[in-house]
Amino acid sequence: MGDAVRRLVGSWADRVGAGVDTGRAVAGEALELAGGVLRAAASPGGVRGVAVEAAWLAARTVLYPWGVLEEQVKPDGHFRAYRTDHLPPRQRGLVVSSMEAAGTPIVLVHGIGDNRSAFAVLSGALRRRGFGVVHAVNYSVLTALTGDVRRSAALLGEHVERICAETGSDRVHVVGHSLGGLIARYYVQRLGGDARVRTLVTLGTPHQGTLTAYLVPTSLTRQLRPGSDLLSELAEPSRPCRTRFVVVWSEMDQVVVPQRNARLEHPSLVVEEHRIRDSGHLSLPVDTRTLHLIVSAITRPDDNLDHPIVPARAVFAAGDHDPA
């Protein structure tokens with residue numbers, strides 16, 4: 001009896017010790033992550049980033065009711081009768097130099113609990129640069145509670161088909177912020193959307209999950225937790241994907257935790273990665289560096305799409321804000 005008690009006590013002690021060690025490791029990682037965010041926020045750029053994040057949050061509060069309204073597709077854009085004389089020089093330059101880039105629709109997909117108001121600044125900036133069809137989609141605000149990434153991806157596919165039918169375009173570009181990037185990725189990677197999506201740009205998307213998803217226990221947030229069934233499915237080997245991925249993430253992201261989980265590596269995907277050091281999660285779509293990266297990505301020729309698919313790590317380039 002005494003030996004059994006000693007073994008039981010020893011077993012409990014081992015479990016408690018293992019739990020303490022695990023807790024210390026998690027706490028150490030959390031402190032390291034918090035320290036990284038604080039260091040980024042304390043830099044001159046970080047101070048600016050915090051101010052922009054706060055200002056954009058206030059602006060979004062005002063814009064949110066407007067964003068509830070569905071946006072109508074304007075299929076002709078500024079290509080009515082193919083006239084360019086009425087266009088500003090910047091728009092005229094894009095139309096003349098690359099009619100295909102200017103005419104390919106750009107579809108914007110917002111994040112969790114959000115609506116198209118998230119792209120109020122970005123959509124206007126893209127139109128001013130000469131892109132004729134820029135369309136932000138809305139999905140149900142209840143997605144945060146009862147939603148499913150797979151179902152939302154299928155609905156996105158239906159929306160893309162309607163845009164292609166209305167504009168006469170064979171392909172589109174997609175920009176997804178946060179959850180929107182994950183929905184678009186599932187559509188492209190698992191539902192054959194790579195036949196329609198030429199370029200997918202993801203901004204602060206939890207490709208590897210986020211620990212903040214544990215804060216709210218809903219069916220959707222369970223899919224956003226690291227190691228979830230959904231993320232495991234996306235990580236599985238798949239056929240080569242024809243869509244070019246451009247991944248933008250920030251070291252100061254307060255929603256995707258740890259921030260490196262917004263990176264994307266997959267052997268079947270062509271991925272170009274860019275790291276921004278000092279932008280908050282909400283303000284990624286309004287950051288001028290993000291706009292530059294999006295414009296550069298969607299005006300780039302598609303000559304690489306005829307080449308063999310290469311692992312993501314092979315196309316990463318070292319840099320500052322830069323390709324990481």
Side-chain angles (χ1 to χ4, degrees), residues 60 64 67-71 107-119 135-164 172-197 200-239 241 243 245 247 249 253-258 261-266 268-269 271 281-282 284-285:
R60 291 281 301 284
Y64 193 91
V68 172
L69 301 175
E70 293 291 334
E71 184 177 27
V107 181
L108 309 176
V109 189
H110 62 77
I112 190 169
D114 216 333
N115 60 36
R116 68 186 181 91
S117 64
F119 299 112
H135 181 71
V137 303
N138 273 350
Y139 52 85
S140 173
V141 69
L142 296 178
T143 300
L145 299 175
T146 61
D148 175 81
V149 170
R150 298 177 178 89
R151 174 59 180 160
S152 297
L155 293 175
L156 174 61
E158 295 173 7
H159 205 106
V160 168
E161 290 300 322
R162 286 198 298 272
I163 292 174
C164 288
V172 301
H173 301 295
V174 176
V175 179
H177 177 229
S178 195
L179 174 65
L182 198 63
I183 291 172
R185 177 187 169 190
Y186 194 92
Y187 164 58
V188 163
Q189 192 177 336
R190 306 297 294 185
L191 302 182
D194 60 326
R196 286 294 193 194
V197 179
L200 171 56
V201 182
T202 68
L203 311 176
T205 292
H207 289 292
Q208 301 177 59
T210 172
L211 297 180
T212 58
Y214 286 96
L215 299 177
V216 182
T218 69
S219 57
L220 177 70
T221 56
R222 291 187 185 96
Q223 293 182 328
L224 304 182
R225 295 172 181 175
S228 70
D229 291 342
L230 175 85
L231 298 179
S232 297
E233 178 185 351
L234 287 172
E236 291 174 355
S238 61
R239 61 178 178 77
C241 181
T243 298
F245 284 73
V247 173
W249 65 284
D253 196 313
Q254 72 276 27
V255 174
V256 180
V257 180
N261 280 13
R263 303 179 66 183
L264 173 60
E265 291 189 42
H266 193 287
S268 302
L269 305 179
V271 182
H281 183 80
L282 293 179
L284 272 171

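Starting from 1, each residue takes its place in the sequence as its number.
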Answer yes or no: is there a side-chain heavy-atom contact under 4.5 Å between [X] and [Y]?
X    : Y    : answer
L179 : V149 : yes
Q208 : P226 : no
V256 : W249 : no
R239 : D194 : yes
V257 : N261 : no
V137 : L108 : no
R225 : P217 : yes

Please check if the side chain of [X] supplies one atom and the backbone of [Y] the other of a donor-acceptor pair under 3.5 Å.
X    : Y    : result
Q223 : S228 : no
Q189 : L234 : yes
H135 : V160 : no
Y139 : G111 : yes
T205 : S178 : yes

Restricting to non-hydrogen atoms, name the atom on [X] and the atom on [Y] that form the minimum distance, rounded to 0.1 Å.
X    : Y    : result
A136 : F119 : CB-CD1, 4.4 Å
G181 : L200 : O-CD2, 4.4 Å
D253 : G204 : OD2-CA, 3.9 Å
V255 : T210 : O-OG1, 2.7 Å
P206 : L231 : O-CD2, 4.2 Å

> Going through the checks in order, is the side-chain contact (heavy atoms from CB on, under 4.5 Å) test met by V107 and I163?
Replying inline: CA-CA 9 Å; V107 181; I163 292 174; 3.6 Å; yes
>> Checking H266 against H207: is there a side-chain donor and acceptor pair closer than 3.5 Å?
In response: no
>> If I take atom CD from residue E236 and atom OG from residue S268, how far apart are they, to the nearest 0.5 angstrom?
In response: 11.0 Å
>> Rounded at 0.5 Å granularity, tell me how far CG in L264 sits from OG1 in T202.
In response: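 Answer rounded to 0.5 Å: 7.0 Å.
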>> For a side-chain contact (heavy atoms from CB on, under 4.5 Å) check, start with the C-alpha distance between L203 and V175, then their side-chain angles and the critical distance, and finish with the verdict.
In response: CA-CA 8 Å; L203 311 176; V175 179; 4.0 Å; yes
>> With side-chain contact (heavy atoms from CB on, under 4.5 Å) as the criterion, how do S219 and D148 come out once you've worked through the C-alpha distance, each side chain's angles and the decisive distance to 0.1 Å?
In response: CA-CA 7 Å; S219 57; D148 175 81; over 6 Å; no
> Is the number of heavy atoms from other residues, nucleotides or ligands within 6.0 Å of CZ (R151) greater than 12?
Replying inline: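 12 or below, so no.
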>> Test side-chain contact (heavy atoms from CB on, under 4.5 Å) on L182 and L230; report intermediate values, then the result.
In response: CA-CA 10 Å; L182 198 63; L230 175 85; 4.0 Å; yes
